[in-house]
> 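Here it is, the structure in full.
Everything numeric in this text was worked out from a predicted model, so none of it was measured. Here is the naming used below: chain letters follow the sequence lines, and residue numbers restart at 1 for every chain.
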Amino acid sequence: MIRLIVNGRPVEVDDEPSTPLLYVLRDTLELNGAKFGCGLGQCGACTVLVEGAAVFSCVVPVGDLAGQRITTVEGLGTRERPGALQHAFIEEQAAQCGYCTAGMIMRAQGLLERNASPTDEEIRAALEPNLCRCGTHLRIVRAVRRAAEARQRAVASGLSSLGRAG
Amino acid sequence: MGVPDMKVSRRAVLSTGGALVVSFALAPSLAGAAARSAGRAADRSLPGSLRSTPMLDAWLRIDAGGITVFTGKAELGQGIKTALIQVAAEELAVQPQAITLVTADTARTPDEGYTAGSLSMEDSGTAIMNAAAQAREIMMRLASERLRQPRGELTAAQGAVIAPGGRRIAYADLVSDRTLHVRAEPRSPLGNPAHRRVMGRSWPRVDVPAKVFGERAFVQDLRLADMVHARVVRPPSYGARLRSVETAPILRLPGVLRVVRNGSYLAVVARREYQAIVAMEALSRSASWEETASLPHQSRLFADLLAWPSRDVPVGRRGRPPSLRRSHAATMLEAEYRRGYLMHGSIGPSCAVALFDHGALTVWTQTQGVYPLRSALAGLIGLPESRVRCIQVEGAGCYGHNGADDAAADAALIAKQVPGRPVRVQWMRADEHKWEPYGPAMLARVRGALDAAGHIAWWQYQVWSNTHSTRPGGARELMPAWYLERPLSPPAPRPLPLPAGGGDRNALPLYRIPSLRVDYRFVPKMPLRVSALRSLGAHFNVFAIESFMDELARAGKLDPVEFRLRHLDDPRALAVIRTAAERFGWRAYRRLAGCGKGFAFARYKNLAAYLAIAVEVSVDRGEPMPRVLRVVAAVDSGEAVNPDGIRNQIEGGIIQAFSWTLLESVKFDRTRITSRDWASYPILRFSAAPRSVEVVVLNRPGQPFLGTGEAAQGPAAGALANALADAAGLKLQDLPLSGDRIKGAMGS
Ligand code: FES
Ligand code: FES
């Protein structure tokens with residue numbers, strides 16, 4: 001048994017320690033956010049946060065993560081209480097097929113946790129590991145900028161809206 | 001809308017016992033829709049897909065539960081669900097939230113063939129708009145009788161018919177089971193285009209929330225009770241045959257339930273997903289294959305393409321033969337353009353889930369065509385079509401014929417070996433890269449003459465390419481069938497008919513040219529697997545035509561935009577060109593060192609959406625990649641139902657076409673495809689995305705829907721090439737226009 005904290009909840013999983021985190025999240029824990037795109041660390045569809053940092057969940061063995069905090073897009077908010085990035089992605093309609101979306105949001109969440117007001121250049125550089133075949137890039141950059149601005153306003157007014165289990 | 005019926009328990013699936021039967025019971029009036037549409041000859045007088053499915057209740061159901069609209073088209077990330085809901089809401093005089101939309105499902109929806117060719121709005125949008133208008137009129141007439149009020153004094157709003165004094169009857173109270181079981185009329189009392197409430201507004205996409213909250217949104221997210229996971233061990237190359245494999249040790253691996261071997265077809269089934277992957281890798285290591293070197297030399301591809309036997313398809317003939325006119329020509333130019341094979345490159349490799357139970361097969365699939373796939377799978381598995389149900393569930397964007405149908409075939413073949421248990425097949429990245437059918441390689445030769453007044457006097461264009469569609473069809477087009485013990489082989493390829501065409505799509509320039517000859521040299525030999533890639537031949541043909549237009553303009557010392565305008569008459573073509581040029585600031589443009597601008601225009605298929613685009617780039621000798629600074633496009637796709645949806649697709653089409661045009665070409669050696677992942681087939685990332693893209697939608701209320709999805713591919717390629725040529729001062733005739741090539745041509 002391997003103990004993890006997933007979206008703020010402690011869980012125990014019985015997967016082989018060599019199993020990449022992606023399959024534990026999708027198959028064992030039945031979460032949808034992390035997507036299989038390449039399994040090779042080349043596309044970012046599987047991006048989640050481990051201890052607040054964005055990682056390719058398809059290449060990290062779950063055995064290396066005992067006791068660590070993992071956040072998937074499900075942990076950022078819900079329809080009733082969307083996280084700042086989720087809200088911004090809807091506002092900007094920053095999706096076409098949407099298969100890359102959850103990975104993009106998690107990559108951006110990792111950025112905003114270390115840089116609250118990134119420039120467009122910094123957003124692009126941070127998102128570089130993630131691929132989008134639909135060509136939604138510019139809307140995604142706009143959505144991240146919008147979320148950063150919303151969060152700054154929220155901080156200024158004493159609220160935090162970056163997401164619940166960030 | 002989400003995905004209904006996603007978490008169906010096995011019991012629920014089984015109790016429907018072959019699915020078809022149940023949904024017939026659920027929706028008696030719809031049950032026959034598919035059968036009707038298949039059997040009846042098309043009624044040409046009816047609008048859109050009402051031609052093949054004329055009964056109103058095949059498209060619409062109104063009852064106490066609400067309003068349900070049915071489409072045979074599939075959501076592919078293009079936003080079709082939202083646009084169709086808007087169309088129905090407009091004509092039914094309700095809010096979009098009042099409508100539930102059911103997409104492609106052989107047990108529930110009309111047969112509308114493939115979701116392809118940018119035809120969904122023209123086919124399904126038109127059918128639903130007319131069906132909804134006719135249904136509304138039927139309800140108004142019923143209400144007029146019930147309320148004893150003249151029809152003309154009634155209005156429809158918020159799901160009810162309302163009389164002047166405020167008396168109202170809800171739609172659901174007017175409609176009984178059979179009310180809408182009537183044939184559509186050729187003409188509909190359509191709403192006034194000047195008073196749109198829902199159409200023409202940027203309604204947020206209904207499918208986006210599920211995707212940002214991590215809800216079940218994709219076929220990859222389906223989890224049925226008792227579901228098992230399969231992986232296929234694909235051969236290392238197209239012609240490979242399985243010589244030997246040791247399956248006994250694989251069966252002892254954790255979780256492994258079964259190894260499936262049928263000729264050279266090899267797969268493994270396991271309880272959990274990662275167990276299936278581990279077993280697939282072990283099985284792959286133990287398999288030994290016999291391979292043949294069947295691929296051309298990559299370096300000689302274009303010489304081969306010209307040398308292989310070809311069949312001539314005349315595309316356009318106009319005016320007197322060139323020899324008579326040549327003497328009048330002030331300037332003669334010629335050029336040759338080339339494009340390699342392009343990948344669809346879905347970010348999510350293909351996936352399908354199949355359940356074979358009690359002699360019936362149900363497949364959840366990301367296919368673009370549930371009905372064609374159903375007949376192909378019935379043939380593959382040896383079942384009557386009535387025992388096969390295909391339900392479309394979204395996958396990652398496909399951009400044409402990728403591995404989706406083959407993955408459904410995999411799931412069906414494997415599910416038949418594990419009856420009673422849903423089988424999920426997920427392709428690996430290399431499966432998709434190596435086995436999807438590519439957009440074919442293409443070559444074009446153009447010659448043209450300019451008269452002394454700067455008008456094109458003569459134009460000759462020839463394009464060499466394979467077929468641009470090998471979609472099923474039947475079982476023979478399903479790739480897994482080629483490796484079975486009793487293999488099927490694909491049918492002989494055929495060119496797609498004009499006017500839409502395939503390799504010759506948009507080969508005929510829309511420009512006014514008095515003497516012209518355009519031919520498609522259709523090449524049947526196709527050593528690499530090819531099929532429909534977004535816009536088919538239009539990406540390359542428009543790139544070639546628009547590049548050559550700039551050559552001619554340069555030779556005549558004419559501005560590229562002016563040059564295009566003087567060769568066009570269609571006011572809608574002129575409007576998109578003028579709009580794009582003005583918004584870009586074409587005339588006032590001041591070139592900075594290393595920068596350049598490019599322009600292009602096309603009308604997709606020469607009969608659909610109009611699109612013009614201006615691009616600014618900078619080329620820096622120190623940097624490997626050019627930068628796209630600014631893009632402005634103007635599009636007219638008829639009446640715009642969801643303007644932001646159109647902008648989203650056009651922005652995406654432009655960026656994707658930039659990736660194809662700048663970076664992409666499938667690599668292979670004499671035996672194997674060597675582009676097997678994103679490192680060996682790189683695509684555009686954020687760093688190479690344009691700094692800005694502006695899309696202006698020219699809305700034409702009341703005009704027919706022209707479709708949007710593929711309109712940008714060709715013009716984006718042409719404008720990018722023209723901008724790079726302008727910035728670097730060179731001719732660019734080979735795709736991809738990658739950094740190396742540009743640097744090489746610049747001599748740096
Ligand atoms: S799936 Fe993990 S990087 Fe592609
Ligand atoms: S929206 Fe389709 S891959 Fe990004």
> Apply the test salt bridge (Lys or Arg N to Asp or Glu O under 4.0 Å) to residues R685(B) and E128(A): give CA-CA distance (whole Å), side-chain angles for both, the deciding distance (0.1 Å), then the verdict.
CA-CA 6 Å; R685(B) 290 181 182 267; E128(A) 187 74 358; 5.2 Å; no
> Can you tell which of Q96(A), R133(A), R124(A), R26(A) has the highest number of heavy-atom pairs within less than 4.5 Å of chain B?
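Sorted descending by pairs with chain B, the first entry is R133(A).
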> Please identify, among Q656(B), Q220(B), H229(B), the residue contributing the most non-hydrogen atom pairs under 4.5 Å to chain A.
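Highest number of heavy-atom pairs under 4.5 Å: Q220(B).
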> Tell me, side chain or backbone of S659(B) under 4.5 Å from chain A's heavy atoms, or both, or neither?
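Only the side chain of S659(B) comes within 4.5 Å of chain A.
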> Step by step, would you call R424(B) with E273(B) a salt bridge (Lys or Arg N to Asp or Glu O under 4.0 Å)?
CA-CA 9 Å; R424(B) 177 181 182 273; E273(B) 184 163 18; 2.8 Å; yes
> Non-hydrogen atoms of chain A under 4.5 Å away: do they reach the side chain of V208(B), the backbone, both or neither?
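Side chain only.
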> Under 4.5 Å, counting heavy-atom pairs only, tell me which of S18(A), P20(A), C100(A) racks up the most with chain B.
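Most heavy-atom pairs under 4.5 Å with chain B: P20(A).
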> Do you know which of V6(A), I2(A), L21(A) makes side-chain contact (heavy atoms from CB on, under 4.5 Å) with V13(A)?
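That would be I2(A).
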> Heavy-atom distance under 4.5 Å to chain B: side chain of E91(A), backbone, both or neither?
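Contact with chain B: none, neither part.
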> If you count heavy-atom pairs within less than 4.5 Å of chain A, which of M428(B), Q275(B), E215(B), R534(B) leads?
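When all of M428(B), Q275(B), E215(B), R534(B) are compared, E215(B) has the most.
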> Check E92(A) with R139(A), please: is the shortest side-chain N to carboxylate O separation under 4.0 Å?
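Salt bridge: no.
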> Please state whether the side chain, the backbone, both or neither of T28(A) comes within less than 4.5 Å of a heavy atom of chain B.
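It is both, since atoms from each part get that close.
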> What part of A95(A) gets within 4.5 angstrom of chain B, counting heavy atoms only: side chain, backbone, both, or neither?
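Interface part for A95(A): both.
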> Using non-hydrogen atoms and a 4.5 Å limit, figure out which bit of I654(B) sits close to chain A: side chain, backbone, both or neither.
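Nothing of I654(B), per the 4.5 Å heavy-atom cut-off to chain A.
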> Which atom names give the shortest non-hydrogen contact between P690(B) and V631(B), and what distance separates them?
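Answer, listing the atom of P690(B) first, then V631(B): CB-CG2, 4.2 Å.
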> Atom CG of N642(B) and atom OG of S202(B): how far apart are they, to the nearest 0.5 Å?
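Between N642(B) CG and S202(B) OG, I get 5.0 Å after rounding to 0.5 Å.
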> Picking from G98(A), A94(A), A45(A), which has the most non-hydrogen pairs under 4.5 angstrom with chain B?
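Heavy-atom pairs under 4.5 Å are most numerous for G98(A).
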> Please say whether the positively charged group of R107(A), taken as NZ for Lys or CZ for Arg, lies over the ring of F56(A), i.e. under 6.0 angstrom from the six-membered ring centre and within 45 degrees of the axis.
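The answer is yes; both the distance and angle limits are met.
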> Could you tell me which portion of L131(A) (side chain, backbone, both or neither) has an atom closer than 4.5 angstrom to a non-hydrogen atom of chain B?
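Both parts, backbone and side chain.
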> With chain B, which of K35(A), E121(A), E16(A) has the greatest number of heavy-atom pairs at distances under 4.5 Å?
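Looking at each option in turn, the highest pair count goes to K35(A).
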> Using side chain to side chain donor-acceptor pair (under 3.5 Å), reason through T708(B) and Q649(B) one step at a time and then give a plain yes or no.
CA-CA 7 Å; T708(B) 297; Q649(B) 283 193 80; 4.9 Å; no
> Side chain, backbone, both or neither: which part of Y23(A) has an atom under 4.5 Å from a heavy atom of chain B?
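Looking at Y23(A), just its side chain touches chain B.
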> Heavy-atom cut-off 4.5 Å, strictly under: side chain, backbone, both or neither for L127(A) against chain B?
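Contact with chain B is through both the backbone and side chain of L127(A).
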> With a 4.5 angstrom heavy-atom cut-off, could you sort out which part of R647(B) is near chain A: side chain, backbone, both or neither?
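When you check distances to chain A, atoms from both the backbone and side chain of R647(B) fall under 4.5 Å.
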> May I ask you to name which of N648(B), V278(B), L684(B) has the most heavy-atom pairs under 4.5 Å with chain A?
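Most heavy-atom pairs under 4.5 Å with chain A: N648(B).
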> Measure distances from L22(A) to the heavy atoms of chain B and classify the residue's part below 4.5 Å as side chain, backbone, both or neither.
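Neither part.
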> At a heavy-atom separation under 4.5 Å, does E75(B) approach chain A through its side chain, its backbone, both, or neither?
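For E75(B), there is no contact with chain A at all, as no heavy atom is under 4.5 Å.
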> Output the option from G79(B), G348(B), S346(B) having the highest count of non-hydrogen pairs under 4.5 Å with chain A.
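If we count pairs closer than 4.5 Å to chain A, G348(B) comes out on top.
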> Taking all atoms of both residues into account, what is the closest heavy-atom pair of G395(B) and V219(B), and its distance?
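Nearest heavy atoms, G395(B) then V219(B): CA-CG1, 4.4 Å.
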> What residue among K434(B), E664(B), H433(B) forms side chain to side chain donor-acceptor pair (under 3.5 Å) with Y681(B)?
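Exactly one candidate clears the test, E664(B).
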> Against chain A, label Y399(B) side chain, backbone, both or neither, depending on which of its atoms sit under 4.5 Å from a heavy atom there.
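Answer is side chain: those atoms of Y399(B) sit under 4.5 Å from chain A.
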> Between W427(B) and chain A, which part of the residue has a heavy atom less than 4.5 Å away: side chain, backbone, both or neither?
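Backbone only.
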> Is the shortest distance from a Lys or Arg side-chain nitrogen in R272(B) or D14(A) to a carboxylate oxygen in the other one below 4.0 Å?
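Yes, R272(B) and D14(A) are salt-bridged.
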> Checking H344(B) against chain A: side chain, backbone, both or neither under 4.5 Å from a heavy atom?
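For H344(B), backbone heavy atoms alone lie under 4.5 Å from chain A.
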> Let's test your reading of the structure: which of G653(B), G77(B), G645(B), C398(B) forms the most heavy-atom pairs below 4.5 Å with chain A?
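Among the listed options, the one with the most contacts to chain A is G77(B).
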> Drop me the distance from L25(A)'s CG to T19(A)'s OG1, to the nearest 0.5 angstrom.
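These two atoms lie 11.5 Å from each other.
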> Check this for me: R691(B), atom CZ, are more than 12 non-hydrogen atoms of other residues, nucleotides or ligands nearer than 6.0 Å?
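Counting neighbours around CZ of R691(B), more than 12 heavy atoms of other residues, nucleotides or ligands fall under 6.0 Å, so yes.
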> State yes or no: are the ring centers of H137(A) and F686(B) separated by less than 6.0 Å?
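Under 6.0 Å, so yes.
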> Which region of L76(B), side chain (C-beta onward) or backbone (N, CA, C, O), has a non-hydrogen atom less than 4.5 Å from a non-hydrogen atom of chain A, or is it both or neither?
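The backbone, not the side chain.
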> Within this structure, what is the SG-CD distance for the pair C97(A) and E394(B), rounded to the nearest 0.5 Å?
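That separation rounds to 8.0 Å.
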> Which residue out of T101(A), L40(A), I90(A) racks up the most heavy-atom pairs below 4.5 Å with chain B?
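Option with the top pair count is I90(A).
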